[in-house]
Each structure stands twice: as structure tokens, then as C-alpha cells.
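Okay, so here's the structure we're looking at.
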Amino acid sequence: MAKFLTNREENYSQWYNDLVIKADLAENSAVRGCMVIKPYGYAIWEKIQAELDRLFKETGHVNAYFPLFIPKSFFSKEAAHVEGFAKECAVVTHYRLKNDENGKGIVVDPAAKLEEELIIRPTSETIIWNSYKNWIQSYRDLPILINQWANVVRWEMRTRLFLRTAEFLWQEGHTAHATRQEAMEETERMINVYASFAENSMALPVIKGYKSENERFAGALDTFAIEALMQDGKALQAGTSHFLGQNFAKAFDVQFTDKTGKLDYVWATSWGVSTRLMGAIIMGHADNNGLILPPKLAPIQVVIIPIYRNEEQLSEISVKAEKIKKEFLALGISVKYDDRDNNKPGWKFADYELKGVPVRLALGPRDIENGTVEVARRDTLAKETVSIEGIAGHVKKLLDDIQENIYRRAFEFRNENTFRIDKWDDFVSVLENQGGFIMAHWDGTAETEEKIKELTKATIRCIPFDSPEEEGKCIYTGKPSKRRVLFARSY
RNA sequence: CGGGGUGUAGCGCAGCCCGGUUAGCGCAUCUGGUUUGGGACCAGAGGGCCGCAGGUUCGAAUCCUGCCACCCCGACCA
């Protein structure tokens, strides 16, 4: 089986690329590093969006929209921020084209040079804080809890569908608060929202923690992240939440009068997840037969495939199938009845497996006769024949079961591939031979972190919130350390 | 951005080294028929600016130059 997919064990990254293309999620476009997200892939993104949007609103946030373009001068107001993003910015310098004088197509009109160049947003802190300046005068104007769904551009050297593209879709929350504590609470709240989304909806266990100074967001005082382990033993940063302190308020001069009448700078956070989550879902669950979508994010949760020898049988099956379909819809289960006659059932079975549809029902003459239906689950590929009576309830439970099972599977995989390591040689050999998460001591210096990265390509993914205090010696320098941190090679 | 590879029908590829009839194969597509419980079969048909732009030549998919895109390995990064 799976003769259309590269084997995962043979070539992991080719397997990933094949899967994205063959499951019809996305493809490369004519523009370097930019992808076309195809309807099936976009449908998954829409499910992700819908659930996250619900969670954001539940925690008091509202949506708004800010411009795609950021004047260059805004960008340079926060020093660390510009430093971090300068190398990957797309810049608009002109606003008009004209016919080439040699009659060969069109050229940029040099007369139409912009007074001030516009940066295509790689992230929106600066353009947003420029607005916040006008919105905030008093503590009564706070907090501001805004999220925006947008596209951003980061001119990446090397791109991969969903994991790293020059343009990507994301959401970015930008909040403003009266106190340090409130902003810190918000930063924590949102990393928790991301973590529970990852675990409950994406069925992927994640580790929450602080980023080391090196890995922090440009302009942040603290960055929290969730890190997931992929099947090839590499880590994927799945979401970040930043405590920005008063950096952007100071850069954009956003002050407010507090309850005591004193002027102070506003405290800020920002937080985001992107279409990269698609990559996490793929690499977290999929197998050699294709995608395995968590039922909660599957655009099609159940597919019904008719098996028939003639038109008569088909119409009989179709009547039954449409009836079942209604029962599913009544329970809020999304279902597709695939009665296309250009492919045989076996072809459809393989195709829906490739696309990761959690549950497949096959309905044939045998079933019509016996009042049964064949139920196949994508996660285990197990098949059973059950009574057609009460099928919707049965499948609903099965979907919950699949959601739970793939989470458990990913959880066990992560546990089996998380190592507590105290010797440098072991550290290197685990990274070389199997990958995975490594919990090891670190002396807390950026130099050591840098050196370890240089030698092993592993970085500190995060300092887990729940990493207990424990006396130890740095894995590389042997200097004293108070807690273990999470190392891994990463995407 | 450095090193390596690739680009020929919707997809996967052969042809290129050594220039020369009408550019070929498999899958897919269309038509007709037989089929349909794990990627069906037979017969026929359609589909090509040989990545793009220049150059060499009587003649270029094939040789040369430039550009574009993709893949792999580095540096950078969500």
C-alpha cells in the first residue's frame, strides 16, 4: 500500500513534501517561497481559525485589522525589534509601473519612488502601537485586547510548505495593560490557550516554557513558547506569547494616567500562531498511508463510500446513505457521501486515507441485505461491521476515541523520545542517532548555548515551566545549574 | 546567500553526452463497452512555446550565456 507516497522511514522530508502535495493541502506557487493553500488544506486552517477565534473571544479578545504596510521609520523605533527583523523584510519602494521605452513589457517608473519606503509587515507591533498611542490616555482605556487574522511576509532563505514560507497566514494578538502584572498574566493566559488548543484540538502534547534570551522575540522581555515533538525527533515551535514590557510603549510614546493621576508607560504583550500549525498536525500524526487528521480539525470527519454493481444497487444504497448522512449532520458530524463513479471503491479508500479522513463507512449490497455498514478508522486502519441502527451515535463515540487515541500515541511517542542526559557524549550521540527531546543542565549563559548549537545543531527549545529545581552541572561546561532545560534540534 | 541536483503533456519520467524525419513511454483525461467489498480491464481519441530570454548553427529539447522556480546540504529563521 501507499505506493504513491515516499516511505517515511526512507526519507522523512520527502515524505512530508509528498504528503502535502498528494493530500492536496498546498503547492508551490510561481512566487519564490510562497505557497498556494488549496481548498482541502485551507479547510483545515479554517477549522483551526474557528476554534482559536472562539478561544480568543472566550478570553475577552476582539478582532481588528491593521495595514499590511509599515512605514520604514516606525520599524526603526524599537531597536531590538528592527535588529531582529531587518534581514528578512520585503520593501515597497515605488508605486507605479510604466511601459518600457524599448517596447518590452513594463518597468518600474523611477519617477514614482516613494518618499518613505513601506515595509510589508513581518509582524505588526509597530503599526499597531502607533495606533494605540492615539487610543490610550487613561487607565480607563485599558486593557486593549485585540487580535488580528492576517498574512505576514518574512523573506526566508529556505522555505518549506507550511513550515516556513515567505508569506504565511497567522493571527497576532496585541494587548495593552496598565500594570506589569496584568500584562504578565495575559502572556501566560495566552500560552495556556495555545497549549490547550494544541492538546485538545490538534491532539499534540506540547511543552510550555520560557525561551532563552537568544531565542526570544525581537523586542520582548520574555517569550513563552509551546514546543511539540515531531516524528523524526525534531522539535517544532508551535506558538509563542511575548511579554513586551514597556518597550513598544516607550518606542511609540504611549503613556496613560493611572488611578493616582501619575503618568506611566503602557505594558504590552503579543502572541501568535501560524499556518505552521498545519505542519505540526501533519508531522505529528501522519503515517505511510497519508495524513491522520484529528477529528476535531478534520473538514470531513466521515466519508461514506457506496459499493455497487449496477445503477439499481447504487440508488438503493444512495437512499440509505443520504439517510445516514442526515443522522450524522444532526449530531454535528461533517460527512461526505462520495458517489462519484469514476473511481473504484479501493481507489477511494486509499484516497481518503491519504487525506486523513478519520472515519470511513462502506455501504454495499451485503450491508443493505444485513442492515449493516462497514466502519473503518483511519488511526489504526481497523475495520468492523456494525448495525446501521444507531450508526451516528456509534461514529460519534468513535471520533472521540480517535481524537483521544492519536493524542495518546503522540504523548507516548514523546515520552519515549524524551531523555534526561548528564553526559556530553550521550547528549551528542542521542542527537546524532535518534533525536528527540533532551532534558539537560545548562549553565545559563548565551555563550554555552551558542557553542552547543554550533557543535550539535541543537538549541534550547525552552526552559519548561514545570522543570523542577535541581542541582546539577551544565552538560557542556560543567558549571553549576539549578534546573534542566529542553534541548532539541528543531524546524 | 554559498555548494550540489532538477526543470520535456495535468502527474511521473526517457531522449540531451555525440545537434538532423513527425519528441516518446507510463499514469491521468475524453468516448464506447465490460467492471466496482482495498488503487480494474479492453478498444479508440485528444493533449507539448522541451522552465523563460538571448546566442552559436543551414538546422537547437540537445551546444553556450543570463534569468526564474523547485529539491537536498550549509548560514538565517516561526
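Each chain gets a letter, A, B and so on, in the order its sequence line appears, and its residues count up from 1. This is a predicted model, so every value here is computed, not measured.
- Every residue two or more places apart in sequence or in another chain that forms a salt bridge (Lys or Arg N to Asp or Glu O under 4.0 Å) with Asp351(A) is listed here: Lys355(A).
- Rounded to whole Å, the distance from CG on Asn342(A) to P on rC27(B) is 17 Å.
- We find that Lys348(A) and Asp339(A) are not joined by a salt bridge, their nearest charged nitrogen and carboxylate oxygen being 4.0 Å or further apart.
- Between the C1' atoms of rC11(B) and rC16(B), the separation comes to 22 Å (whole Å).
- Contact annotation for Thr123(A): no contact, since no heavy-atom pair falls under 4.0 Å across all strands.
- The separation of rG48(B) from rG10(B), taken at their C1' atoms, amounts to 12 Å, rounded to a whole angstrom.
- Among the heavy atoms of the strands lying under 4.0 Å from Glu156(A) is at least one base atom, whether or not backbone atoms are also near.
- Residues Tyr337(A) and Ser318(A) bring a donor and an acceptor atom of their side chains to less than 3.5 Å of each other.
- Taking every heavy atom of residues 221-231 of chain A and every atom of RNA chain B, no pair lies under 4.0 Å.
- As judged by a 4.0 angstrom heavy-atom cut-off over every strand, Tyr491(A) is placed among residues making no nucleic acid contact.
- With a 3.5 Å ceiling on both atom-pair distances, rC18(B) lacks any Watson-Crick or G-U wobble partner.
- rA60(B) is unpaired under the Watson-Crick or G-U wobble criterion, no partner having all donor-acceptor distances under 3.5 Å.
- At a threshold of 4.5 Å between non-hydrogen side-chain atoms, the residues Pro205(A) and Tyr407(A) count as touching.
- A cation-pi arrangement, defined by a distance under 6.0 Å to the six-membered ring centre and an angle within 45 degrees of its axis, is absent between Lys208(A) and Phe465(A).
- Here the shortest heavy-atom pairing between Val485(A) and Pro464(A) reads CA-CD, 4.1 Å.
- Going from the C1' atom of rA28(B) to that of rU65(B) covers 37 Å, rounded to whole Å.
- One atom, CD of Glu27(A), and another, P of rC11(B), lie 9 Å apart when rounded to the nearest Å.
- A salt bridge links Glu353(A) to Arg360(A): at least one charged side-chain nitrogen sits closer than 4.0 Å to a carboxylate oxygen.
- Annotation: side chain to side chain donor-acceptor pair (under 3.5 Å) contacts of Lys336(A) (sequence neighbours excluded): Tyr352(A).
- When heavy atoms are screened at a 4.0 angstrom cut-off, Arg340(A) is found touching no nucleic acid atom at all.
- The separation of rG38(B) from rA61(B), taken at their P atoms, amounts to 48 Å, rounded to a whole angstrom.
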For nucleotides 43-53 of chain B, tabulate all protein N/O to nucleotide N/O atom pairs closer than 3.5 Å, reporting atom names and distance.
none

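- With sequence neighbours excluded, the residues that form a side chain to side chain donor-acceptor pair (under 3.5 Å) with Glu51(A) are Arg54(A).
- Comparing rG26(B) with rC71(B), their P atoms sit 30 Å apart, to the nearest whole Å.
- The NZ-P distance, from Lys38(A) to rG10(B), rounds to 14 Å in whole Å.
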Provide a list of protein-nucleic acid N or O atom pairs under 3.5 angstrom, restricted to nucleotides 67-73 of chain B.
{"unit_1": "rA69(B)", "atom_1": "OP2", "unit_2": "Arg32(A)", "atom_2": "NH1", "d": "3.4"}
{"unit_1": "rC70(B)", "atom_1": "OP1", "unit_2": "Gly33(A)", "atom_2": "N", "d": "2.7"}
{"unit_1": "rC70(B)", "atom_1": "O3'", "unit_2": "Asn28(A)", "atom_2": "ND2", "d": "3.4"}
{"unit_1": "rC72(B)", "atom_1": "OP1", "unit_2": "Ser13(A)", "atom_2": "OG", "d": "3.2"}
{"unit_1": "rC72(B)", "atom_1": "OP1", "unit_2": "Asn17(A)", "atom_2": "ND2", "d": "3.3"}
{"unit_1": "rC73(B)", "atom_1": "OP2", "unit_2": "Arg158(A)", "atom_2": "NH2", "d": "2.3"}

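- Base pairing of rA69(B): its partner is rU6(B), meeting the Watson-Crick or G-U wobble criterion (both donor-acceptor distances under 3.5 Å).
- One finds a salt bridge joining Asp401(A) and Arg377(A) here, because a Lys/Arg side-chain nitrogen approaches an Asp/Glu carboxylate oxygen to under 4.0 Å.
- At a threshold of 4.5 Å between non-hydrogen side-chain atoms, the residues Phe487(A) and Thr456(A) do not count as touching.
- rC30(B) and rG44(B) make up a base pair, with Watson-Crick or G-U wobble contacts both under 3.5 Å.
- The distance between atom CE of Met157(A) and atom P of rG2(B), rounded to the nearest whole Å, is 10 Å.
- Asn7(A) meets the side chain to side chain donor-acceptor pair (under 3.5 Å) test with Asn288(A); sequence neighbours excluded.
- Across rU34(B) and rU21(B), the matching C1' atoms stand 40 Å from one another, rounded to whole Å.
- Taking atom C1' in both rC49(B) and rG7(B), the straight-line distance is 15 Å, to the nearest Å.
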Inset, instruction - Can you check each nucleotide of nucleotides 4-9 of chain B against protein heavy atoms at under 4.0 Å and return B for base, S for sugar-phosphate only, - for none, in 5' to 3' order? - result: ------
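- The aromatic rings of Phe427(A) and Trp424(A) sit parallel to each other, their planes meeting at less than 30°, with 60° as the upper class boundary.
- Taking Glu10(A) as the reference, nothing meets the salt bridge (Lys or Arg N to Asp or Glu O under 4.0 Å) condition, with sequence neighbours excluded.
- Look at rC1(B): its Watson-Crick or wobble partner, with both distances under 3.5 angstrom, is rG74(B).
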So which protein N/O to nucleotides 33-37 of chain B N/O distances come out below 3.5 Å?
{"unit_1": "rU36(B)", "atom_1": "OP1", "unit_2": "Arg309(A)", "atom_2": "NH1", "d": "2.5"}
{"unit_1": "rU36(B)", "atom_1": "OP2", "unit_2": "Arg309(A)", "atom_2": "NH1", "d": "3.0"}
{"unit_1": "rU36(B)", "atom_1": "O2'", "unit_2": "Tyr308(A)", "atom_2": "O", "d": "3.2"}
{"unit_1": "rU36(B)", "atom_1": "N1", "unit_2": "Tyr308(A)", "atom_2": "O", "d": "3.4"}
{"unit_1": "rG37(B)", "atom_1": "OP1", "unit_2": "Lys344(A)", "atom_2": "NZ", "d": "3.2"}
{"unit_1": "rG37(B)", "atom_1": "O6", "unit_2": "Gly364(A)", "atom_2": "O", "d": "3.3"}
{"unit_1": "rG37(B)", "atom_1": "O6", "unit_2": "Pro365(A)", "atom_2": "N", "d": "3.2"}
{"unit_1": "rG37(B)", "atom_1": "O6", "unit_2": "Arg366(A)", "atom_2": "N", "d": "2.7"}
{"unit_1": "rG37(B)", "atom_1": "O6", "unit_2": "Asp367(A)", "atom_2": "N", "d": "3.2"}
{"unit_1": "rG37(B)", "atom_1": "O6", "unit_2": "Asp367(A)", "atom_2": "OD2", "d": "3.4"}
{"unit_1": "rG37(B)", "atom_1": "N1", "unit_2": "Asp367(A)", "atom_2": "OD2", "d": "2.5"}
{"unit_1": "rG37(B)", "atom_1": "N2", "unit_2": "Asp367(A)", "atom_2": "OD2", "d": "3.2"}

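- Looking only at atom types and distance, the side chain of His61(A) has no donor-acceptor partner in the side chain of Gln171(A) under 3.5 Å away.
- Scored by the side-chain contact (heavy atoms from CB on, under 4.5 Å) test, Thr123(A) finds His81(A), Phe85(A), Glu125(A), Arg154(A), Trp170(A), Glu172(A), Phe217(A) as partners (sequence neighbours excluded).
- A straight line from CG of Asn151(A) to C1' of rA78(B) spans 15 Å, rounded to a whole angstrom.
- The distance from atom CD of Glu454(A) to atom C1' of rG74(B) is 13 Å, rounded to the nearest whole Å.
- rC1(B) atom C1' lies 13 Å from atom NZ of Lys87(A), rounded to whole Å.
- Tested against Thr240(A) for a side-chain contact (heavy atoms from CB on, under 4.5 Å), the candidates Thr187(A), Ile191(A), Thr223(A) yield a single pass: Thr223(A).
- Leu163(A) comes within contact range of at least one nucleobase, with a heavy-atom separation under 4.0 Å.
- If you take CG of Asn214(A) and C1' of rC76(B), they are 14 Å apart, rounded to a whole angstrom.
- Looking at residues two or more places apart in sequence or on another chain, you find a side-chain contact (heavy atoms from CB on, under 4.5 Å) between Arg189(A) and Thr59(A), Glu185(A), Glu186(A).
- With both ends at atom P, the span from rG12(B) to rC17(B) equals 24 Å, rounded to whole Å.
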